[in-house]
There are 2 protein chains.
Amino acid sequence: MAELLSTTYTRADEAFDCLQTAIVKGELAPGEKIGELELCSRFNLTRGPLREALGRLESRGLLVRRPHAGVKVVSVSASELMELYRIREVMEGLAARQAAERMTDQEIADLQATLDTHERMIDEAQGQAYYQAEGDYDFHHRIATGSRNSKLAQMLLGDLYYMVRMYRYRLSTSTGRPQRALGEHRRIVEAIAQRDGELAEFLMKRHINAARQNIEKKIQEGELTI
Amino acid sequence: MAELLSTTYTRADEAFDCLQTAIVKGELAPGEKIGELELCSRFNLTRGPLREALGRLESRGLLVRRPHAGVKVVSVSASELMELYRIREVMEGLAARQAAERMTDQEIADLQATLDTHERMIDEAQGQAYYQAEGDYDFHHRIATGSRNSKLAQMLLGDLYYMVRMYRYRLSTSTGRPQRALGEHRRIVEAIAQRDGELAEFLMKRHINAARQNIEKKIQEGELTI
DNA sequence: AGCGGCTATATTGTCAACAATATTGACTAA
DNA sequence: TTAGTCAATATTGTTGACAATATAGCCGCT
């Protein structure tokens, strides 16, 4: 996240970031058992800072640890993924409501500009899943931040999103309903621009609920395997 | 499958628990800067495991860390505490709804019995704040667990509650509105017993909202200082 | 042959010494 | 007097060695 102030980067921080992105990008597969010294050689550091990073990641739920038995990447079942979306639904609904009350006009303008960019990306990239996922993440990221609720933003950006992205990187090729999602995004921003918090919350909840149902359907149809 | 009771508790786990309870109980005051070796002598362990525990606590937001500058207990401002209650409102609302759908009849019966105990405690202890806080925590704990949403329970029990309790221990003497809270609890359980998830969610949200407004009022009246 | 207990090994947990850095205080100069 | 600089110090970050334990493979037993 935005560690603007402390220019000092400790080895443990480095390890934390490397591991987190490695997990999210799928370089470390869910359920995979990982040895400490293996990671040490991979990231060029010693076990002290590494273990500190492992502790942090475990605390955030990206790793599971068993004493003396090692660490493995968390594996989320299909039903657990659906539960994650239930949580997102209510939390991002709150974020949208508070964003409507608190975002500056400038932030809202930037958000609208962001959506224009996303639209061009969709047209140009013709369903390139990566850009869809990135655009979607960007949108939700801005609203979480715009809520001015630091704990809420921390929980969304520092916890849930990493977990969801971990699977979105893998699944986004199939989910693609970009123009519909973009339309939903536009309506949410509209509500925020009108400072209609209640409506923004409602639309955001419906948006995430639709995404959940979409994934659920694909899973049931066997198109997605988790 | 449930919890393979790893009877092995590592030193870091021990440090984590000790520190967490020390912070929650107020033995370590918010904003207080704490030295590592001071903690080592206090808990009889070395810096290795301690640092791992510190990392975990920082990741959960109970500690703030600045490289080479030390660790201090997080201090939550009044407005941030209010934001915490906003988050609780939507998350516990979800928990209540899912609990109404998923709790077993036995769990519901236990929950009702719990409320009877709370009622006796209120009568006997005549507003002893400690028991009120404990009873309240017990109630919310059971519902979070009853949601069968492991991530939701983890976020509530492992994150938010510690933060709220940290201030509740200090403020509970003044908040006391025990019989009203108990009545609200009873109505929530009633809705759960009737498997009315929508109503349970509504009542829970209103319950937490009332608690938030109560604290907010006391703060504005100057009765509480944070 | 199949199963249970045991030992060997590799991995994790812990420790104490070493290196790096932010803070504190004194000191100098305007 | 006050602001700024610099060095001394104490605290944090890091390292590599040591101790404890879970896993895996082997052996003997039923």
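Within every chain, numbering begins at 1; the chains are lettered A, B, ... in the order of the sequence lines, protein sequences first and strands thereafter.
We find that NZ of A:K72 is positioned 17 Å from C1' of C:dT12, with the value rounded to whole Å. What separates CG of B:L63 from P of D:dT12 is a distance of 12 Å, to the nearest Å. Computed from coordinates, the A:F16 CZ to D:dG13 P distance equals 16 Å when rounded to whole Å. We find that CG of A:D13 is positioned 14 Å from P of C:dT21, with the value rounded to whole Å. In this entry the distance linking CZ of B:R11 with P of C:dA16 reads 10 Å, nearest Å. The nearest whole Å value for the distance from the CD atom in B:E58 to the C1' atom in D:dT12 is 13 Å. For the pair A:R65 CZ and D:dA22 C1', the computed distance is 15 Å after rounding to whole Å. Atom-to-atom, CG of A:L50 to P of C:dT12 comes out at 9 Å; the value is rounded to the nearest Å.
Remark on DNA chain D: of its neighbouring residues A:A69 and A:T46, the 5'-side contact belongs to A:T46, judged by nearest-heavy-atom nucleotide.
A perpendicular orientation is assigned to the rings of B:Y161 and B:H140, their planes being inclined by more than 60° (bins at 30° and 60°).
Taking CZ from B:R195 and CG from B:D105, the interatomic distance works out to 5.0 Å, rounded to the nearest 0.5 Å.
Between B:R165 and B:D136 no salt bridge is recorded (no basic side-chain N to carboxylate O distance below 4.0 Å).
With hydrogens and angles ignored, no donor-acceptor pair closer than 3.5 Å exists between the side chain of A:R47 and the base of D:dG16.
Residues A:T114 and A:H185 are not in side-chain contact: their nearest non-hydrogen atoms beyond the backbone lie 4.5 Å or more apart. Side-chain atoms of B:R60 and B:L57, non-hydrogen and from C-beta on, never get closer than 4.5 Å to each other.
Between A:T10 and the phosphate of D:dT14, there is a side-chain N or O to OP1/OP2 separation shorter than 4.0 Å.
Checking C:dC15, D:dG13, D:dA22 against every side-chain atom of A:R66, the shortest atom distance belongs to D:dA22. Proximity note for A:H68 (side chain, C-beta onward) versus D:dA20, D:dT14, C:dT14: the nearest is D:dA20. Each of D:dG13, C:dT14, D:dT21 was ranked by its minimum atom distance to the side chain of B:E36; first place goes to D:dG13.
In this structure, B:G48 reaches neither bases nor backbone, as no heavy-atom distance under 4.0 Å exists between it and the strands shown.
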